[in-house]
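Below: one structure in structure tokens.
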Amino acid sequence: EALLNLVKTYPIPYLQYNNAFTGIKHDDYLASLKQRLLLSYTAIDTYYKCGFMYYLKKVLKLEIFNETFVTFIGSLYHKILSCAFNETFDFEKEYQDYLATSTYELNYKEKFLLVKLKAELVKIIAIIKDQAQYINYNQTLYEENFNIKVHNPRYPHFDITFTGYIDKIWYHTITDEDGNEVTYVSIVDYKTGKLDIKLDLVPYGLSLQLPVYVYLARHSNLPNVKVYGFFLQNILQNELKADNEEEYLAQKQKALQLSGYIIDDVPAEAE
């Protein structure tokens with residue numbers, strides 16, 4: 001009887017709830033931007049994977065970042081590799097500086113693993129240096145931040161910026177026979193997880209990371225950029241099993257090979 005009275009009093013829509021995301025009101029969203037829009041690979045990827053997730057993270061700003069040992073190691077590796085190939089690089093100093101500024105608290109197990117991962121990083125740097133001997137590009141940018149202004153005639157008063165960090169850009173600039181500067185570029189993105197390049201998904205707004213980096217490089221301050229390759233490099237793999245150090249290094253070198261795309265016919269000056 002009590003339940004019947006409740007149903008009569010309150011119109012409860014049993015079995016009628018729909019959890020589907022119905023979208024964002026266009027005008028309300030534009031007003032919230034205050035004529036400034038920051039675009040990035042991660043924002044676009046989030047939007048095409050799930051509109052509701054984009055709404056939560058980018059509109060309502062409800063995303064909470066919880067640092068884990070995996071993200072800590074990823075940030076550590078990226079930081080060290082961003083400066084590891086400078087002439088004045090001091091591994092121990094950079095390593096200790098990063099640990100001193102990090103707010104992540106390591107437990108005993110993680111401290112033990114970190115000792116091993118530190119030794120791994122030293123070997124990774126040595127292998128990447130060896131790889132560079134076979135590449136004729138004479139200049140390199142590391143952890144370069146690009147902020148490209150985008151003009152959209154539909155929103156002429158909007159300050160639209162496309163932003164992104166590229167882990168490594170190999171390049172060299174020449175003067176062609178017409179007296180014009182040309183910059184040949186190859187792009188490398190470091191990965192601490194599974195490599196995933198699926199260009200067949202690009203028309204659907206997915207797997208855009210490397211294509212976005214190509215866009216950023218082509219619209220950078222480098223003169224007349226011609227991109228001849230873009231790659232992923234897996235800098236942290238699962239533990240390798242080997243009977244001796246020589247076999248281990250051979251596996252490590254293979255694991256650190258670049259994975260990506262390069263054009264079929266590379267001009268001699270771009271090799």
Side-chain angles (χ1 to χ4, degrees), residues 37-48 58 65 70-87 89 94 98 121 124-125 127-129 131-132 134-150 160-174 181-199 201-202 205-236 255-263 266 270-271:
L37 177 62
L38 190 66
L39 298 173
S40 67
Y41 151 71
T42 53
I44 294 174
D45 187 66
T46 299
Y47 177 79
Y48 278 102
K58 303 300 180 181
F65 175 71
V70 173
T71 59
F72 167 79
I73 291 299
S75 297
L76 169 62
Y77 270 45
H78 275 80
K79 174 61 175 69
I80 298 298
L81 288 172
S82 71
C83 57
F85 310 103
N86 298 332
E87 293 182 2
F89 174 68
E94 295 294 340
Y98 183 85
L121 183 53
I124 290 169
I125 292 171
I127 292 173
I128 293 177
K129 282 183 178 179
Q131 291 175 340
Y134 303 95
I135 299 170
N136 290 331
Y137 291 84
N138 58 12
Q139 292 178 288
T140 315
L141 297 173
Y142 297 101
E143 198 70 18
E144 191 71 11
N145 181 23
F146 292 90
N147 292 287
I148 310 301
K149 295 295 183 181
V150 179
I160 304 175
T161 303
F162 211 130
T163 186
Y165 282 89
I166 301 179
D167 289 331
K168 180 163 62 179
I169 299 178
W170 281 312
Y171 74 100
H172 65 207
T173 302
I174 67 166
E181 285 189 314
V182 180
T183 304
Y184 296 102
V185 163
S186 282
I187 295 168
V188 178
D189 185 61
Y190 297 133
K191 289 294 181 186
T192 54
K194 182 180 178 182
L195 299 185
D196 187 19
I197 305 178
K198 297 179 179 179
L199 295 186
L201 298 180
V202 169
L206 302 173
S207 195
L208 284 174
Q209 186 171 19
L210 289 175
V212 163
Y213 289 170
V214 170
Y215 171 85
L216 293 175
R218 286 181 57 85
H219 290 80
S220 68
N221 293 328
L222 296 173
N224 194 16
V225 170
K226 295 185 180 297
V227 178
Y228 280 91
F230 49 89
F231 311 93
L232 297 179
Q233 185 169 36
N234 190 353
I235 57 175
L236 186 60
L256 283 166
Q257 290 178 350
L258 299 178
S259 175
Y261 293 85
I262 191 169
I263 66 169
V266 181
E271 293 181 347

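The chain is numbered in sequence order, starting from 1.
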Thr46 side, atom OG1; Tyr41 side, atom OH - distance, nearest 0.5 Å: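 That separation rounds to 8.5 Å.
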Separation between CD1 of Ile166 and CD1 of Ile187, rounded to the nearest 0.5 Å: 4.5 Å
Residues which pass ring pair (Phe, Tyr, Trp, His ring centres under 6.0 Å) with Tyr261, listed by chain and number, not counting sequence neighbours: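 Expected list: Phe230.
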From Phe85 atom CZ to Thr140 atom OG1, the distance as rounded to the nearest 0.5 Å: 9.0 Å
Any donor-acceptor pair under 3.5 Å from Thr183 side chain to Pro223 backbone: yes
Value rounded to 0.5 Å, distance of CD1 in Ile148 from CG in Leu39: 12.0 Å
For Tyr190, side-chain hydrogen bond (donor to acceptor under 3.5 Å, both in side chains) partners two or more places apart: Lys168
Counterpart residues, side-chain hydrogen bond (donor to acceptor under 3.5 Å, both in side chains), relative to His78 (two or more places apart): Asp167
Non-neighbouring partners of Ser75 that pass side chain to side chain contact (heavy atoms under 4.5 Å, CB included), sequence neighbours left out: Tyr98
Which residues share a ring pair (Phe, Tyr, Trp, His ring centres under 6.0 Å) with Phe89, sequence neighbours left out: none
Inter- and intrachain pairs under salt bridge (charged side-chain N to carboxylate O under 4.0 Å, His left out), touching residues 213-230, at least two apart: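 Matches after skipping sequence neighbours: none remain.
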Residues which pass side chain to side chain contact (heavy atoms under 4.5 Å, CB included) with Phe65, listed by chain and number, not counting sequence neighbours: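 Here the qualifying residues are Glu67, Thr71.
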Listed partners of Glu181 passing side-chain hydrogen bond (donor to acceptor under 3.5 Å, both in side chains), at least two apart: none
Side chain to side chain contact (heavy atoms under 4.5 Å, CB included) against Thr161, all qualifying residues, sequence neighbours excluded: Leu38, Asn147, Lys149, Asp159
Thr192 (side chain) donor-acceptor with Asn234 (main chain) under 3.5 angstrom: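 It does not hold such a pair.
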Considering all heavy atoms, the nearest Glu143-Ser82 contact: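 What the structure gives for the nearest pair is CB-CB, 3.7 Å.
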Donor-acceptor contacts, no H, no angles, side chain residues 209-216, under 3.5 Å, sequence neighbours left out:
from   : atom 1 : to     : atom 2 : distance (Å)
Gln209 : OE1    : Lys191 : NZ     : 2.8
Gln209 : NE2    : Asp189 : OD2    : 3.3
Gln209 : NE2    : Tyr213 : OH     : 2.9
Tyr213 : OH     : Tyr165 : O      : 3.2

Check: Leu258 main-chain N/O paired with Gln233 side-chain donor or acceptor under 3.5 Å: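 No; judged by distance alone, with no hydrogens or angles, the pair does not exist.
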Heavy-atom pair of closest approach, residues Val202 and Ser207: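 Nearest pair, atom of Val202 first, then Ser207: CG2-O, 3.7 Å.
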Asn221, CG atom: more than 12 neighbouring heavy atoms under 6.0 Å: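 For Asn221, atom CG is not crowded (no more than 12 foreign heavy atoms under 6.0 Å).
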Contacts of Ser220 that satisfy side-chain hydrogen bond (donor to acceptor under 3.5 Å, both in side chains) - sequence neighbours left out: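 Expected list: none.
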Tyr48 atom OH, neighbour heavy-atom count above 12 within 6.0 Å: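 It does not: Tyr48 OH has 12 such atoms or fewer within range.
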Heavy-atom closest contact (Lys129 atom, Ala84 atom, distance): CE-O, 3.9 Å
Value rounded to 0.5 Å, distance of OG in Ser259 from CD1 in Ile197: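 One finds 4.5 Å between OG of Ser259 and CD1 of Ile197.
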Those residues that, when tested against Ala132, pass side chain to side chain contact (heavy atoms under 4.5 Å, CB included) (two or more places apart): none
Side chains of Tyr137 and Ser186, donor plus acceptor under 3.5 Å: yes
Gap between atom CG of Leu236 and atom OH of Tyr77 - 0.5 Å precision: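 Atom-to-atom, Tyr77:OH and Leu236:CG are 5.0 Å apart.
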Any side-chain heavy-atom pair of Leu208 and Asp45 under 4.5 Å: no
